[in-house]
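Treat the numbers as computed from the prediction; the structure is a model and nothing was measured. Every chain is numbered from 1 and lettered A, B, ... according to where its sequence line falls, protein lines coming before strand lines.
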Amino acid sequence: MKIATFNINGIKARAQALPDWLDAFQPDVVLLQEIKSVDEGFPRELFEERGYNVEVHGQKSFNGVGILSKLPLEDVTRGLPGDDTDEQARWIEATVVGEREALRICGLYLPNGNPVPGLKYDYKLAWMARMQKRAEALLAEEMPFLMAGDYNIIPQSEDAARPDAWREDALFRMESREAYRRILNLGLTEAFRARDPRPGQYSFWDYQAGAWNRNDGIRIDHFLMSAAVADMMTDAGIDRDVRGLEKPSDHVPVWVELAA
DNA sequence: ATGTCGCGTCGTACGCGA
């Protein structure tokens with residue numbers, strides 16, 4: 001089973017590129033971020049005609065997450081628990097029913113958090129604390145799960161072309177990375193890094209200043225897996241070439257292959 | 001440090017009903 005995460009930076013702007021990528025890559029499950037659309041505006045037929053079940057948690061203009069799945073999706077929930085006043089659409093969960101296993105899949109668009117300091121940064125850290133609670137709850141249920149999406153976290157220096165430029169940024173400053181590591185340290189495995197130790201493997205290149213042409217990127221899209229899922233992983237990677245295609249998102253897909 | 005992009009709103013062009 002191939003599962004991918006892809007921050008598409010607007011579904012309307014990616015109405016050509018996303019289906020093209022699905023046809024080429026043939027993932028079984030895709031977690032989408034930044035659909036930038038309300039649920040009613042999401043072109044679900046583009047995906048249903050390709051055999052995907054579609055679940056979205058949208059919002060006008062900003063944010064918005066979704067799941068495309070060739071396998072049945074059950075028990076879909078929307079929104080990250082822990083704050084009833086949070087109106088930002090950044091979290092969706094579903095159970096994917098495979099032939100042998102049922103797998104809880106969490107799709108997330110973690111807040112950017114800039115500028116630092118400020119309310120947006122406070123929101124990022126509070127959101128990460130809520131996410132940690134959710135991971136703890138799933139571990140307590142002994143539910144095999146993965147949490148994948150745009151984490152807006154650069155885990156290590158080798159995950160940025162110019163780490164010094166990011167040192168005080170909300171994506172890389174120590175307080176952010178510590179919050180990320182607290183989640184990892186619950187006993188989760190980060191798929192790409194477990195598979196590929198090479199530095200300089202990025203998932204995002206800014207549209208500005210020729211970042212793509214200079215390979216001035218950062219790795220901020222991640223898969224975190226519980227132990228049972230990590231044991232099922234047979235491969236993981238970043239579909240880097242997508243950034244060089246027509247009308248690309250500023251992110252590229254990150255994927256795992258599971259023997260499930 | 002900056003060589004961008006997507007979206008909503010508003011403005012404009014245009015189709016529609018009267």
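A:Arg219 has a carboxylate O that lies under 4.0 Å from a charged side-chain N of A:Glu190, or vice versa, which qualifies the two as a salt bridge.
One atom, CG of A:Asn63, and another, C1' of B:dG6, lie 13 Å apart when rounded to the nearest Å. The separation between A:Arg243 atom CZ and B:dT4 atom P is 12 Å, rounded to whole Å. Put simply, CG on A:Asn213 is 19 Å from P on B:dA1, counting in whole angstrom units. Between A:Asp206 atom CG and B:dC5 atom P the separation is 10 Å, expressed in whole Å. One interatomic measurement links the two molecules: CD1 of A:Ile11 to P of B:dC7, which rounds to 9 Å at whole-angstrom precision.
Taking the side chain of A:Ala209 as heavy atoms from C-beta on, and the options B:dC7, B:dG6, B:dT2, the nearest nucleotide is B:dT2. Side-chain proximity of A:Asn9 to B:dT4, B:dG8, B:dG6: nearest is B:dG6. The listed nucleotides are B:dC7, B:dC5, B:dG3; the one nearest the side chain of A:Tyr207 is B:dC5.
Residue whose closest nucleotide on DNA chain B sits further toward the 5' end, between A:Pro248 and A:Trp166: A:Trp166.
A:Arg162 comes within contact range of no nucleotide atom at all, as no heavy-atom separation falls under 4.0 Å.
The aromatic rings of A:Tyr202 and A:Trp205 sit perpendicular, their planes meeting at an angle over 60°, well past the 30° parallel limit.
Atom CD of A:Glu142 sits in a sparse spot, with 12 or fewer heavy atoms from other residues, nucleotides or ligands closer than 6.0 Å.
In this structure, A:Lys247 does not reach the B:dC5 phosphate: none of its side-chain N or O atoms is under 4.0 Å from OP1 or OP2. In terms of phosphate contacts, A:Arg214 brings no side-chain nitrogen or oxygen within less than 4.0 Å of OP1 or OP2 of B:dG3. Regarding contacts with the backbone of B:dT9, a side-chain N or O of A:Lys60 is found under 4.0 angstrom from either OP1 or OP2.
The residue from A:Leu108, A:Leu146, A:Ile183 that alone fulfils the side chain to side chain contact (heavy atoms under 4.5 Å, CB included) condition with A:Leu224 is A:Ile183.
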